[in-house]
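Below: the structure, in structure tokens.
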Amino acid sequence: MTNTMQAAPPEEPLAEPEEPLAEETVAPLEDRAAGCLVGAAVGDALGGPVEGWTPEQIVARHGGRVGGIVGPFHEDWRTARPIAPFHKGDGHVTDDTLMTHALVRVYEKVRDHLDAFDIADHLVPDLIGTPRWIPELEDEALPLHRIFLAEKWLVARLHYGHIDPREAGVGNIVNCGAAMYMAPVGVVNAGHPDRAYAEALDVAGAHQSSYGLEAAGVFAAAVAAAFAPDATVASVVGHALRLAKDGTRAAVEAVCDAAAAHTGFESALAPLRAAVAPFDTVGPDYRNPSLGARRPSRLHAIEELPVALGMLVACGGDFRTTVLGSVNYGRDCDSIATMSGAIAGALHGSAAVPAEWSTEVARASRLDLHAPAAALAAVTREVFARDRARRRAHEQAFAALTGA
């Protein structure tokens with residue numbers, strides 16, 4: 001090696017100028033993980049301010065369909081019921097995103113597949129032990145103080161009741177509470193919908209039962225299916241139908257069949273609601289649920305997942321129109337748009353999520369929307385390596401047993 005204190009020999013030619021570095025590329029896994037989780041957060045934030053209302057009420061309030069980030073439904077949101085004290089709108093994410101990011105943090109700790117015990121050991125302590133910025137409260141607080149009653153159930157049953165985590169979801173309100181934050185399970189099982197379905201059922205068993213649990217599994221499977229290199233809207237829906245059971249399968253099939261007749265969300269709003277109505281236990285008045293609402297049943301389904309998949313079909317998987325259709329549907333539209341945004345984002349990658357939306361949601365919510373996706377993609381690579389090692393060990397053991 002040349003002594004660095006000596007001058008180069010005079011006959012040595014000058015070094016040629018270096019070629020400019022090629023622009024750094026993002027691997028498809030990382031890109032689509034960002035599309036999925038950022039897309040979910042954007043859908044959540046856009047749907048939050050009109051959650052609970054009908055399409056007609058949304059049009060009356062905003063002078064037409066919602067086309068992006070809007071303010072609260074009531075100007076006096078601080079005192080208006082049933083909104084107070086939450087500042088819904090203006091780019092604020094809701095509990096859907098808070099729970100999604102909390103589940104990502106569990107994956108970061110465990111760095112492997114999760115089960116119901118990981119929810120008890122890691123998610124519940126996160127909800128009750130670490131104050132975080134809550135956009136709708138415009139303050140730092142424990143996530144427990146923001147989440148809905150069906151999510152508080154996790155704390156009551158697991159932390160205070162010491163219930164077996166695998167059975168803790170039994171008896172809870174049957175709703176979309178577990179499904180709404182299952183996108184990370186789909187990411188970790190990218191391209192493997194069957195494994196995502198099974199893992200989500202295990203994870204969400206601590207939270208939900210019946211068709212609420214089934215929806216969590218099917219949504220995670222749809223996200224995982226969207227990561228396949230050749231994934232399409234049809235393939236995602238196909239995997240959802242293949243895995244879904246009972247009323248959930250029937251509802252997804254009915255809504256997606258109805259959606260297939262449309263080429264945009266405007267004409268699909270009423271038909272999709274009509275298609276899912278026979279399976280929805282809440283009833284026509286979202287804020288005044290029927291007496292049979294949210295009870296276990298093999299005949300029914302949550303409304304949010306079938307409608308999210310239906311919007312994906314009606315809009316051809318386009319992120320912007322799929323999410324806006326989910327938002328303008330009303331009712332539990334923040335969760336519908338969270339799910340449809342996650343799937344559309346996973347299908348097309350981060351570039352599909354409008355930057356003007358994601359940038360403002362991150363700013364308004366004081367959240368780094370990309371960091372959880374990057375962290376989860378890293379965990380996904382580690383989990384795949386673990387799975388491959390486990391699979392090879394099993395193959396060797398089986399070969400020894402069979403003499404193959």
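What you see is a predicted model; the values in this text were computed from it and never measured.
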With a 6.0 Å cut-off (strictly less than), is the heavy-atom count around [atom1] of [X], excluding the residue itself, greater than 12?
| X | atom1 | result |
| --- | --- | --- |
| Glu356 | CD | yes |
| Leu291 | CG | no |
| Arg392 | CZ | no |
| Arg166 | CZ | no |

Where at least one partner belongs to residues 122-173, residue pairs that pass ring pair (Phe, Tyr, Trp, His ring centres under 6.0 Å), sequence neighbours excluded: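 Every pair satisfying ring pair (Phe, Tyr, Trp, His ring centres under 6.0 Å) with a residue in residues 122-173: there are none.
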What pairs meet the ring pair (Phe, Tyr, Trp, His ring centres under 6.0 Å) rule with one or both residues in residues 186-219, with sequence neighbours excluded? Tyr181-His207
Quick check for you: to the nearest 0.5 Å, what is the distance between [X] atom [atom1] and [Y] atom [atom2]?
| X | Y | atom1 | atom2 | result |
| --- | --- | --- | --- | --- |
| Ser335 | Leu305 | OG | CG | 11.0 Å |
| Leu367 | His92 | CG | NE2 | 10.0 Å |
| Ile343 | Thr322 | CD1 | OG1 | 9.5 Å |
| Asp202 | Ile119 | CG | CD1 | 9.0 Å |
| Leu144 | Thr130 | CG | OG1 | 12.0 Å |
| His101 | Asp126 | NE2 | CG | 12.0 Å |

Of all residues at least two apart in sequence or in a different chain, which pass the side-chain contact (heavy atoms from CB on, under 4.5 Å) check with Ala393? none
If the threshold is 4.0 Å, N to carboxylate O, is there a salt bridge linking Arg363 and Glu360? yes
May I ask you to say whether Arg381 pairs ionically with Glu30, meaning some side-chain N is under 4.0 Å from a carboxylate O?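 Salt bridge flag = yes for Glu30 with Arg381.
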For a salt bridge (Lys or Arg N to Asp or Glu O under 4.0 Å) with Glu136, tell me which candidate from Arg78, Arg366, Arg146 qualifies.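 Among Arg78, Arg366, Arg146, the one that satisfies the salt bridge (Lys or Arg N to Asp or Glu O under 4.0 Å) with Glu136 is Arg146.
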Full working for side chain to side chain contact (heavy atoms under 4.5 Å, CB included) between Met99 and Glu151: CA-CA 9 Å; Met99 290 293 289; Glu151 285 63 69; 4.2 Å; yes
Closest approach of [X] and [Y], non-hydrogen atoms and distance?
| X | Y | value |
| --- | --- | --- |
| Arg32 | Ala231 | NH2-CB, 4.3 Å |
| Pro72 | Pro49 | CA-CB, 4.4 Å |
| Ala196 | Ala224 | CB-CB, 3.6 Å |
| Glu214 | Thr248 | CG-OG1, 3.5 Å |
| Ala337 | Gly43 | CB-O, 3.2 Å |
| Pro143 | Leu127 | CD-O, 3.4 Å |

Please tell me whether His239 and Arg242 have a donor and an acceptor in their side chains that are separated by less than 3.5 angstrom.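 Yes - a donor-acceptor pair under 3.5 Å links their side chains.
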Pair Val104, Val379 - check side chain to side chain contact (heavy atoms under 4.5 Å, CB included), show working. CA-CA 9 Å; Val104 171; Val379 171; over 6 Å; no
Apply side chain to side chain donor-acceptor pair (under 3.5 Å) to [X] and list each qualifying residue two or more places apart in sequence or on a separate chain.
| X | result |
| --- | --- |
| Glu303 | Arg273, Tyr329, Arg331 |
| Ser210 | none |
| Glu138 | His87 |

Could you tell me whether a side-chain N or O of [X] sits under 3.5 Å from a main-chain N or O of [Y], the two making a donor and an acceptor?
| X | Y | answer |
| --- | --- | --- |
| Thr281 | Ser290 | no |
| Arg157 | Val170 | yes |
| Asp118 | Asp115 | yes |
| Arg111 | Glu108 | yes |
| His300 | Arg295 | no |
| Ser365 | Gly91 | yes |
| Asp44 | Thr97 | yes |
| Gln208 | Ile173 | yes |

Counting C-beta onward and ignoring hydrogens, is there a side-chain heavy-atom pair between [X] and [Y] closer than 4.5 Å?
| X | Y | value |
| --- | --- | --- |
| Ser326 | Val307 | no |
| Met182 | Val223 | no |
| Asn328 | Pro55 | no |
| Val327 | Val50 | yes |
| His113 | Asn189 | yes |
| Asp332 | Glu51 | yes |
| Thr94 | Lys88 | yes |
| Met180 | Asp334 | no |

Can you list the steps and then say if Val185 with Leu114 is a side chain to side chain contact (heavy atoms under 4.5 Å, CB included)? CA-CA 8 Å; Val185 180; Leu114 303 183; 5.9 Å; no
Parallel, tilted or perpendicular, judged at 30° and 60°: which one describes the rings of His62 and Phe73? perpendicular
Evaluate Leu46 against Val66 for side chain to side chain contact (heavy atoms under 4.5 Å, CB included), listing each step before the verdict. CA-CA 9 Å; Leu46 266 63; Val66 170; 5.7 Å; no
